[in-house]
Amino acid sequence: LKWMMLAALGFVLVSVSADLPREIEDGYYPGRSGDVIFMPSDLPDDSVMVLFGSDRLKSEQPKSLPIDSVRDGISQAFGMAGTAAVSFVKDDIFNRPNLNFLVTVHGLGKDTVSKYNLHNIFALLGNNPTIKLEDISYPRNPLALSVTLATGEKPAVHGLVADSWQEGGYKKHALSGEYLHAATANIADLMTQTFGEECLAISMSSSFAECHAHAPHKTTKNTMSYYYDQEQKAFVSQNGSPALQWSLLSTVHNIENSDLVELFTRIKLAGGDVFFNARENSFLVKSGPSASPVRFHLDDKVDAALLAELFYAKTLVKKLATDTELQRRISDDTPDSVTLSFRSLNSVGEKYGYDSKQYIAALKLFDSAIPVITAKLGELSPSAHVGELVLMGSPVLLDKKAISEQINHLSLASDTGFLPTIFLEKSIDSSHACQVLRMNLDVESSGLRTFCPNSYVESGSVVYTLDASNSGATNDVVTIEQLKRWQIVLWLCLGGFFTLLAGVIAFGCMEYERDTLLFSKRRIKEPSRS
C-alpha cells in the first residue's frame, strides 16, 4: 500500500517550503510532534562515531556518514542486508565478527570534549577511526536519535519523537504499549530474524524507553533490557536474567573494595579523587589537584542516576565476562549485541546548568569511565568484535525563560515540559499563535527560530501518512525524500525500458545489405536468393 501511494503521488513532486528546515522535516511525525517547535539559530554540529575492532575494520573509513546509515554499517558487519552500501568491516564472508557493542553518550560532542579538555575521550577519537555524523533531525531528543541509530530511519518514519508527547488530548509514553513501539525494525530485530532466537540482545540505560528501544519487537529468551528504577535505586528488568540486576545502595557502601574504583583511575592519576561519604550518603568528586570537590547526593534522583549508569555499565560488562552461561553464548558463532545508552549528562546539565561545577564534574567522570568501559567490552570477544562509541552531540541550549514568558503572556496554557515542542489546545488557532510567538521572540535576542509544522502538513509539503486501518499496521509515513528517491528510480526504469524498446524496434526494421549480419542469417534461410 505504501508504494501504491508513492505511485499515485510519484508524478507530482511537491517542493518543501524553504521556511521549514530539513532537520524539522526529518523529525516531524503527524499527531506527535506538537504545534510549535522552537529551534536555536545555531545548532551544535559535533556528533561523531568512534569505531573499535581494528583487526576487523577496513583500512579506510568515510569521513562523514548520515546518522540513519549507522544501522546499515552494523547490520552489514554481520552479513545482513542494508538499505545503503555502508560497511565498516573487511569483506570476509567466512570471518565475520560475532559481537557488536554500541555505546551512546547523549549531551556530549566533539566540541565539548575540546572545551573541557576531556583528554581521555580525545585520545579515543585520535587513536581510532572517527566518523562525523550528519543529517541529524530536530528536536534532538535522546530517544528519537537512539532509535534512528537502531532502525536506520528518522523520527518522521519510526515515530518515536520523544519519551512522551500529547496525542489526541492525552499524554503518551514511548514504548508503553505495542502501538507506541518504533514503526520499523531495529538491529536486534534483524539479528533474531536472520540468525534465530539464540542471539543475545542486551541493552542498558537509565531510561526505560531507551533501553527497550534497542530490544527486538518480539521478546525472546535472550532479550535482556535493564533500566534504572529511581524508587528502588536499582537496575531492573522485565525480561532479563535476575543475575544481571543490580542495586546501587548495596554497592556503594563497599565501593572502595570493589573493582568499580577502576572507573576513576584516570581522575586519580590526574591528581583528583572520587570517594564515598557514608555519613552524608554522597560521592565527592575532585576532578583535579586544584579543583574544588563537587558533591553528588544519592538521595537526589538526578545525581543517583548519574553514578548508577556508570557503575552499572562496568558491573554489567564484568558479569558478562564472568558468568559461565553468558560467556558461552557470547563465544559461540551466533552474533550478539550489547548496547549501553547514557542519558544522565543531559539530566545533570538541565538541573544544574551546562556551565555548572556539577556538569563539569560529571564530564570528568565520563572522561575517566568511557575508555574503561569500551576496553572491557572489547575483551568480551577479543578477536571477533566490532564496536561503536557515539557521542551524540553537545547539548542544545534553549532560552526556556523567554519561551515560558511568551506562553504565559499569550495565555496559551501549554506544558513547557515538552520543550522544544509545545502542544496547544484545540480551541487555539495554532497558526496564529505561532505567528505571534515568531514576532515576539526576536531571533537576535533569544537565538530562537519558531516553526509551525502543522501548517506545512496541511498544505501537503512535509509528509504523507497512510491510514493504519487500511494497511493493517501502525502508521506508515512517506517523506518527501523517499518520494524524490522513488521518482528517480521510476524515471530511470522507464527511460531504460523505452530506450531498450526503441533499440529493438530499430533493429527489427532496419534495411539489411550483403555486408550485414542480418543478411548473412537471412541468406542461410533463403539460399535461392541472389
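- A distance of 11.0 Å separates CG of D135 from OG of S47, quoted to the nearest 0.5 Å.
- The aromatic rings of Y359 and Y116 lie perpendicular to each other, with more than 60° between the two planes, well past the 30° mark.
- Around atom NZ of K319, more than 12 heavy atoms belonging to other residues, nucleotides or ligands sit under 6.0 Å away.
- Within a 6.0 Å radius of NZ in K351, other residues, nucleotides and ligands contribute more than 12 heavy atoms.
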Identify each donor-acceptor pair in which a side-chain atom of residues 281-294 lies under 3.5 Å from a protein atom, sequence neighbours left out, and give them as a table.
{"residue": "N281", "atom": "ND2", "partner": "D299", "partner atom": "OD1", "Å": "3.2"}
{"residue": "S282", "atom": "OG", "partner": "R295", "partner atom": "NH1", "Å": "3.3"}

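- Side chains of T251 and W246: a donor on one and an acceptor on the other come within 3.5 Å.
- Applying the side chain to side chain donor-acceptor pair (under 3.5 Å) test between S394 and each of D111, T112, D45 identifies T112 as the sole match.
- To the nearest 0.5 Å, atom CD of residue E309 and atom CZ of residue F366 are 5.5 Å apart.
- Here F235 and Y227 keep their ring centres 6.0 angstrom or further from each other.
- From M80, atom CE reaches atom CG of D189 across 10.0 Å, with rounding to the nearest 0.5 Å.
- Residue K110 places its NZ atom among 12 or fewer non-hydrogen atoms of other residues, nucleotides or ligands, all under 6.0 Å distant.
- Defined by atom type and a distance below 3.5 Å, a donor-acceptor pair is present between the side-chain atoms of R329 and N222.
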